[in-house]
Student: 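Right, I'll just put the structure down here and ask away after.
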Amino acid sequence: MEHGQETMTIVDEHGEEHVCEVIFTFDSEDFGKSYVLYHILGENEDIDDDEEIEIHASAFIPSENDEDGELMPIETDEEWDMIEEMLNTFLAEEDEE
């Protein structure tokens, strides 16, 4: 996982791989972490354009060689609040364009 990457592959708790579209990544100085917001491709095939897609969020550690990285769960309510605020800002900017 690296900043600017368009897709990534995750492995779920059952060992199955899923290709995901990266919505955006950002760094938080407050938490000292990088974050990625994404959705699983094919997960929402039956959804119309007007319906919402399920967005996932994870913290991540960028790799040194920019090939793989490590996704980590969001640990606190404060992190979730910050992520939700960043997502709302991102979506508001997308609506303006």
Student: Would you say Met86 and Tyr35 make side-chain contact, with heavy atoms under 4.5 Å?
Tutor: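 SC-SC contact between Met86 and Tyr35 ruled out.
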
Student: According to ring-ring contact (aromatic ring centres under 6.0 Å, His included), who are the partners of Phe90, at least two apart in sequence or on a separate chain?
Tutor: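 In terms of ring-ring contact (aromatic ring centres under 6.0 Å, His included), with neighbours along the sequence ignored, Phe90 is linked to Phe24.
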
Student: Taking the side chain as every heavy atom from C-beta outward, state whether His39 and Leu41 have any atom pair closer than 4.5 Å.
Tutor: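 Yes, their side chains come closer than 4.5 Å.
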
Student: Do the non-hydrogen side-chain atoms of Ile10 and His56 ever get within less than 4.5 Å of each other?
Tutor: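 Answer no - side chains too far apart.
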
Student: Check side chain to side chain donor-acceptor pair (under 3.5 Å) between Asp12 and all other residues, then give those that pass, not counting sequence neighbours.
Tutor: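 Partners of Asp12 under the side chain to side chain donor-acceptor pair (under 3.5 Å) test: His18.
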
Student: Measuring from Glu70:CD to Phe60:CZ, what's the distance to the nearest 0.5 Å?
Tutor: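 Result: 12.0 Å between the selected atoms.
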
Student: To the closest 0.5 Å, what do you measure between CD (Glu78) and CD1 (Ile83)?
Tutor: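 That separation rounds to 11.5 Å.
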
Student: List the atom of Tyr38, the atom of Ser58, and the distance in Å for their closest heavy-atom pair.
Tutor: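 Residues Tyr38 and Ser58, closest heavy atoms: OH-OG, 3.3 Å.
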
Student: Heavy-atom distance under 4.5 Å between the side chains of Glu6 and Val22, does that happen here?
Tutor: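 Counting from C-beta outward, Glu6 and Val22 never come under 4.5 Å.
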
Student: Could you tell me which non-hydrogen atom of Ile74 sits nearest to which non-hydrogen atom of Ala59, and how far apart they are?
Tutor: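 Nearest heavy atoms, Ile74 then Ala59: CD1-N, 3.5 Å.
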
Student: Out of curiosity, Ile55 CD1 to Ile23 CD1, how far, rounded to the nearest 0.5 Å?
Tutor: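 Ile55 atom CD1 to Ile23 atom CD1 measures 4.0 Å (nearest 0.5 Å).
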
Student: Taking only residues two or more places apart in sequence or in another chain, which ones pass side chain to side chain donor-acceptor pair (under 3.5 Å) with Glu75?
Tutor: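 Residues passing side chain to side chain donor-acceptor pair (under 3.5 Å) with Glu75: Lys33.
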
Student: Can you confirm whether Glu85 is buried at CD, in the sense that more than 12 heavy atoms of other residues, nucleotides or ligands lie under 6.0 Å from that atom?
Tutor: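 It does not: Glu85 CD has 12 such atoms or fewer within range.
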
